[in-house]
Amino acid sequence: MQNFIYHNPTKIIFGVNTINQLKDNLPRVKILFLYGSGSIKKNETYQKVINNLANHDFIEVGGVAPNPDFDFAVEITKTIKEKNIDFILAVGGGSVIDCAKFLAIAAKYDGDLNDIILGDNAETVTPLPFGVISTLPATGSEMNSGSVMSYKGNKVGVFNSNNYPVFSILDPCLTLSLPKHYIGNGVVDAYVHVLEQYLTFPQSAPLQDRFSESILKTLIEVGPKTYMEPQNLEHRASMFWCTTMALNNLIGVGVESDWSTHALGHQLTSMYGIDHARTLALVWSKNMRLRKENKMEKMLQYGQRVFGINETDNDLAFELTLKATDDFFESLGVPTTFTSYPEVEDDLGFKMMSRLKALKMNTLGEKDDLNIMKIMQIFKL
Ligand code: NZQ
Ligand code: ZN
């Protein structure tokens with residue numbers, strides 16, 4: 001295990017009706033209330049937030065779209081600066097939270113905002129503080145410091161190690177309006193977050209392994225239940241805590257992570273608009289199969305401990321584990337084959353190769369063992 005510092009300052013306020021605690025956690029400063037394309041107005045969330053803001057000085061800005069857009073965020077940054085906003089309240093899914101994180105950096109950056117995306121400048125500022133009400137269990141953005149923005153046709157990660165939410169309210173009641181489709185997405189996104197940190201190679205980090213395996217097993221237990229019983233609050237709450245724990249950095253401390261499935265999935269979202277989680281289900285097992293030699297030891301551990309696969313033929317155990325994972329994704333209504341997406345073109349492999357070359361992504365993975373030629377095989381239809 002490598003040395004590490006773990007510092008996660010986000011206060012988590014978890015559970016039924018915890019949205020009522022919003023007013024007590026908001027600072028007495030000028031607030032920007034940020035939200036998405038209107039889902040919070042179709043349920044009670046918007047009104048509940050407004051009630052909590054009754055004694056606060058605030059302005060509201062809606063319209064953050066999924067896969068939040070850089071140019072849209074640049075416009076909001078102007079409002080933040082003109083109105084002297086001191087605190088952002090993000091209410092929504094990963095896209096709204098990520099947009100708020102970008103704004104928190106942009107509001108304090110005096111130069112050209114393109115620099116935040118294109119260089120390391122995001123780290124140079126102390127971001128504006130922000131709080132979160134998460135309405136979609138999936139990304140873990142509510143308890144980490146990273147964000148993903150759409151920039152000129154690409155998805156780009158923006159990182160600042162101080163850009164954690166001050167607080168995140170995780171009230172499962174606010175998520176009951178989610179269409180079933182997004183429950184499947186949320187479970188798969190969180191599951192792959194764990195796999196990208198866990199399924200690498202043995203790194204003498206047994207506690208991180210056991211944490212990861214518990215999240216995977218809990219998602220296998222409660223994911224299908226909340227998918228089949230979308231109004232069951234107990235299941236939804238357990239799913240929500242899993243999705244947050246999957247990407248709050250805890251399981252990834254002291255170990256090398258992979259993240260190649262995410263890097264490739266982001267290309268599919270940029271090219272075809274496929275939901276983030278759905279791209280991961282398309283890529284993961286194909287990606288693992290190409291890197292069998294380097295992944296074998298952890299794959300056998302994962303198959304045995306999480307799915308109870310005790311096959312002694314390693315090659316067969318490897319395949320059975322990939323199949324068990326794909327079957328789990330499919331059971332949540334999340335397809336694992338490109339045939340489910342008619343919009344995907346036959347020459348996807350070549351298109352992907354030229355995109356990755358342009359982005360200078362020549363190798364991916366914890367051992368840089370996924371090169372462009374292998375990547376083309378993932379996308380050969
Ligand atoms: O925009 P509104 O009207 O709110 O509707 C949203 C959106 O259409 C809707 N929704 C959210 N809560 C709802 C609801 N509908 C009904 N009831 C509710 N309670 O759901 C739709 C999708 O929302 P979005 O925020 O885009 O989904 P998700 O939470 O999956 O976030 C995806 C984004 O997060 C990024 C992805 O790349 C993508 O841009 N990620 C961020 C990460 C991070 N910051 O740590 C890690 C992830 O790997 C991921 O890359
Ligand atoms: Zn993800």
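Both ligands and their constituent atoms are indexed starting at 1 by order of listing. Numbering starts at 1 and runs along the sequence shown.
Look at K48 and E44 and you find a salt bridge, because one of the NZ, NE, NH1 or NH2 atoms lies within 4.0 Å of a carboxylate O, short of that distance.
Of all N/O/S atoms in D189, OD1 sits nearest the Zn ion (ligand 2). Within H262, the N, O or S atom at minimum distance from the Zn ion (ligand 2) carries the name NE2.
Heavy-atom distances between H266 and ligand 1 reach below 4.0 Å in at least one pair. The closest approach between L247 and ligand 1 falls below 4.0 Å for a heavy atom of the residue.
Distances between N or O atoms of L136 and those of ligand 1 include no value under 3.5 Å. Looking at ligand 1, you won't find any N or O of T175 less than 3.5 Å from one of its N or O atoms. In terms of polar-atom proximity, S141 is counted as a contact of ligand 1, with an N or O under 3.5 Å from an N or O of the ligand. For L174, a nitrogen or oxygen atom sits less than 3.5 Å from a nitrogen or oxygen atom of ligand 1, counting backbone and side chain alike.
Distances below 4.0 Å separate heavy atoms of N67 from the following atoms of ligand 1: 38 (C), 39 (O). Under a 4.0 Å criterion applied to the non-hydrogen atoms of K155, ligand 1 contributes the atoms 36 (C), 37 (O), 38 (C), 39 (O). Proximity to G146 (heavy-atom distance under 4.0 Å) selects the following atoms of ligand 1: 44 (N). Counting the atoms of ligand 1 from 1 in the order shown, those under 4.0 Å from a heavy atom of G38 are 3 (O). Counting atoms of ligand 1 from 1 in the listed order, those under 4.0 Å from a heavy atom of S177 are 16 (C), 17 (N), 18 (C), 19 (N).
Scanning the protein heavy atoms around atom 45 (O) of ligand 1, the nearest turns out to be N144 ND2, 2.9 Å. Closest to atom 6 (C) of ligand 1 among all protein heavy atoms lies S39 OG, 4.3 Å. Of all protein heavy atoms, the one closest to atom 44 (N) of ligand 1 is D98 OD1, 2.8 Å. For atom 7 (C) of ligand 1, the nearest protein heavy atom (residue, atom name, distance) is P66 CG, 4.0 Å. Among protein heavy atoms, atom 25 (O) of ligand 1 sits closest to S95 N, 2.9 Å. G94 N, 2.7 Å is the protein heavy atom nearest to atom 29 (O) of ligand 1. Nearest to atom 11 (C) of ligand 1 among the protein's heavy atoms is T135 OG1, 3.6 Å. The protein atom (non-hydrogen) at minimum distance from atom 13 (C) of ligand 1 is L178 CD2, 3.3 Å.
Taking all heavy atoms of N185, N249, T139 into account, the minimum distance to atom 42 (C) of ligand 1 is reached by T139.
In this structure, the ring of Y341 has its center no less than 6.0 angstrom from the ring center of Y272.
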